[in-house]
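From a predicted model like this one, the values you see are computed outputs, not experimental measurements.
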Amino acid sequence: MGETLKSRYVVFKRPFVVSIEEEEVREPSSHEVLVKTSCTLISTGTELTAYSKSFPDKSAWSDYVKYPFRPGYCNVGTVIKVGSKVKSVRVGDRVASSAHHTEYAVVSEDNVIKVPDEVPDEEAAFHTIAAGVTNSVRLAQVSLGDSVGVVGVGLLGQMTIIFSKLCGSFPLIAIDLSDARLKLASVSGAHYVINPKREDASDRVQHLTKGRMLDIVFEVTGSPEVIPWAIRLLRRMGKFIVLSSPRGITALDFHDEVNSPSRVIIGTHFSSQPTHETLQFPWTRKRNTELFFELLKNEVIDIRHLITHKFKWSEAPRVYEELWRDRTKFLGVILKWT
């Protein structure tokens, strides 16, 4: 008998309490693989919502977040053991998965995607967010010449800018209260940036669009109070894309903001990616992820500027405290496990 493998992992014991725990690692079943984690990416929006319990009781959020809660869904590592019926990967392959912040993970074969040799681990760790945003931009049908506003340019907002620009959006406008994030948004590809603390966003948008207002607005703040303000940046019959996961109830005058101007509201949660390819909609999470890796590999996109901080896994409790104090100082936060 060999020595039992132990794995350290991050857990929210209760709101605002982060711990590093240890558990025995079970053997993978016939269709599972065992992955030794290289790095994970903190999804600051989702994870800080769970960390702080900033959501209503009796909601989808409360169904998702049960304490003790294990955060994280952006994992990259190396396969060290495979089940007897696994065919798509083998020992030694680098893979991406939605495993938590954990040293070792037993993952279904269906949940692992090979990472090309040319893509570094830390860039590959953005895969879950990249796939979800790709899905959102595709459902929004961003096309050549569409004027697009991205309200909230954290990680999801930055990647929305990157992919909207690939689709030919112009003008592409980043809107945020953080100058640091707006500076990075310009690197991501925004043609213009607006800080509503310093100027009237509606007036600036009207000027930049020659009075037409925006064709598409992505709401990426997660703040219920921002939605009624952001939707007014749209033109008549424009599309309002809820890419964030709003934390609570929004009060919206549907007649004045939706019905009368005939605007379209589209929800684009990560879970709306189909599990299987069809001729009508072939873009599964796996295929979106593979596309992301190919875009990185061929230098069609660059996300290196989005990696703002790197920490050892053992520093996780302090990292979440700092993120909660001021998340605007951070963007791509990597936890290193090797």
Side-chain angles (χ1 to χ4, degrees), residues 10 12 15-20 39-55 69 71-76 101 120-130 132-133 149-162 173-190 192-199 201 218-226 229-230 243-247 301-337:
V10 178
F12 299 164
F16 299 105
V17 177
V18 183
S19 178
I20 305 294
C39 65
T40 54
L41 174 74
I42 293 179
S43 177
T44 53
T46 298
E47 293 182 43
L48 286 184
T49 298
Y51 169 76
S52 60
K53 199 178 183 294
S54 303
F55 51 82
F69 176 78
Y73 46 65
C74 303
N75 185 300
V76 173
H101 298 302
D121 288 352
E122 293 172 2
E123 295 179 42
F126 286 73
H127 63 90
T128 300
I129 290 173
V133 172
V150 181
V151 181
V153 289
L155 269 187
L156 273 69
Q158 298 285 341
M159 302 209 82
T160 302
I161 291 167
I162 290 170
I173 304 170
I175 303 170
D176 201 289
L177 299 175
S178 166
D179 286 332
R181 288 184 169 182
L182 290 174
K183 184 176 180 179
L184 287 173
S186 294
V187 179
S188 293
Y192 304 99
V193 300
I194 298 173
N195 187 327
K197 289 190 298 187
R198 286 200 304 273
E199 60 182 323
F218 288 90
E219 196 291 309
V220 209
T221 69
S223 171
E225 294 80 16
V226 169
W229 175 86
L243 173 52
S244 69
S245 294
R247 303 174 294 274
I301 62 173
D302 187 355
I303 62 166
R304 287 173 293 178
H305 63 289
L306 300 182
I307 302 173
T308 59
H309 295 78
K310 303 176 187 179
F311 299 96
K312 188 177 179 181
W313 58 268
S314 56
E315 299 179 88
R318 176 178 66 84
V319 172
Y320 285 102
E321 288 180 7
E322 293 186 14
L323 282 167
W324 180 248
R325 278 197 292 269
D326 187 0
R327 75 181 73 185
T328 64
K329 294 179 180 178
F330 302 81
L331 205 58
V333 179
I334 298 288
L335 294 181
K336 299 178 71 66
W337 293 85

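- The two residues Val151 and Ala230 have their closest heavy-atom pair at CG2-CB, 4.1 Å.
- The shortest distance between side-chain heavy atoms of Val220 and Val133 does not fall below 4.5 Å.
- Pairing each heavy atom of Ile334 with each of Cys39, the nearest pair is CG2-CB, 3.8 Å.
- For the pair Ile161 and Gly189, the tightest heavy-atom approach, listed with the atom from each and the gap, is CG2-C, 3.7 Å.
- Looking at residues two or more places apart in sequence or on another chain, you find no salt bridge (charged side-chain N to carboxylate O under 4.0 Å, His left out) involving Lys329.
- Between Leu155 and Leu41, the closest side-chain pair of non-hydrogen atoms falls below 4.5 Å.
- Side-chain N or O atoms of Thr308 include one that pairs as donor or acceptor with a backbone N or O of Leu331 at under 3.5 Å.
- Once rounded to the nearest 0.5 Å, the distance linking CZ of Arg327 with CD1 of Ile42 reads 12.0 Å.
- Taking the six-membered ring for Trp and thresholds of 30 and 60 degrees, Phe12 and Phe69 have ring planes inclined between 30 and 60 degrees apart.
- Distance check, rounded to the nearest 0.5 Å: CG of Leu335 to NZ of Lys312 gives 12.0 Å.
- Legend: residues meeting side chain to side chain donor-acceptor pair (under 3.5 Å) with His309, ordered by chain and number and at least two apart, are absent.
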*After noting the C-alpha distance and the side-chain angles of Val10 and Ile20, does the key distance pass the side-chain contact (heavy atoms from CB on, under 4.5 Å) rule?*
CA-CA 5 Å; Val10 178; Ile20 305 294; 3.9 Å; yes
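- Taking the six-membered ring for Trp and thresholds of 30 and 60 degrees, Phe330 and Phe311 have ring planes inclined between 30 and 60 degrees apart.
- Considering only residues two or more places apart in sequence or on other chains, Ser186 meets the side chain to side chain donor-acceptor pair (under 3.5 Å) condition with none of them.
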When the side chains of residues 121-128 are checked against the rest of the protein, which donor-acceptor pairs come out under 3.5 Å, sequence neighbours left out?
| residue | atom | partner | partner atom | Å |
| --- | --- | --- | --- | --- |
| Asp121 | OD1 | Arg94 | NH1 | 2.4 |
| Asp121 | OD2 | Ser38 | OG | 2.7 |
| Glu122 | OE1 | Lys310 | NZ | 2.9 |
| Glu122 | OE2 | Lys336 | NZ | 2.8 |
| His127 | NE2 | Asn75 | N | 3.4 |
| His127 | NE2 | Asn75 | O | 3.2 |
| His127 | NE2 | Ser97 | O | 3.1 |
| Thr128 | OG1 | Tyr73 | O | 2.6 |

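- With sequence neighbours excluded, the residues that form a side chain to side chain donor-acceptor pair (under 3.5 Å) with Thr328 are Asp326.
- Note that the OG1 atom of Thr40 and the NE2 atom of His101 stand 4.5 Å from one another [nearest 0.5 Å].
- Taking each heavy atom of Trp229 and Pro196 in turn, the nearest pair found is CH2-CG, 4.0 Å.
- Atom CG of residue Leu156 and atom CG of residue Leu243 lie 5.0 Å apart, to the nearest 0.5 angstrom.
- Contact check for Met159 versus Ile303: side-chain heavy atoms found under the 4.5 Å cut-off.
- Scanning both residues, Val226 and Glu219, for their nearest heavy atoms gives CG1-OE2, 4.2 Å.
- In this structure the side chain of Ile194 reaches within 4.5 angstrom of the side chain of Ile173, judged on heavy atoms.
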*Please lay out, stage by stage, how Arg198 and Asp179 fare under the test side-chain contact (heavy atoms from CB on, under 4.5 Å).*
CA-CA 10 Å; Arg198 286 200 304 273; Asp179 286 332; 2.8 Å; yes
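- Atoms CG and OG, on Asn195 and Ser178 in that order, are 8.0 Å from each other to the nearest 0.5 Å.
- For Glu315, the side chain to side chain donor-acceptor pair (under 3.5 Å) partners at least two apart in sequence or on another chain are Arg318.
- Summarising the geometry, atom CZ belonging to Arg247 is positioned 9.0 Å from atom CD belonging to Glu225; distances are rounded to the nearest 0.5 Å.
- Ser54 and Ser52 form a side-chain donor-acceptor contact under 3.5 Å, judged by distance and modelled atom types alone.
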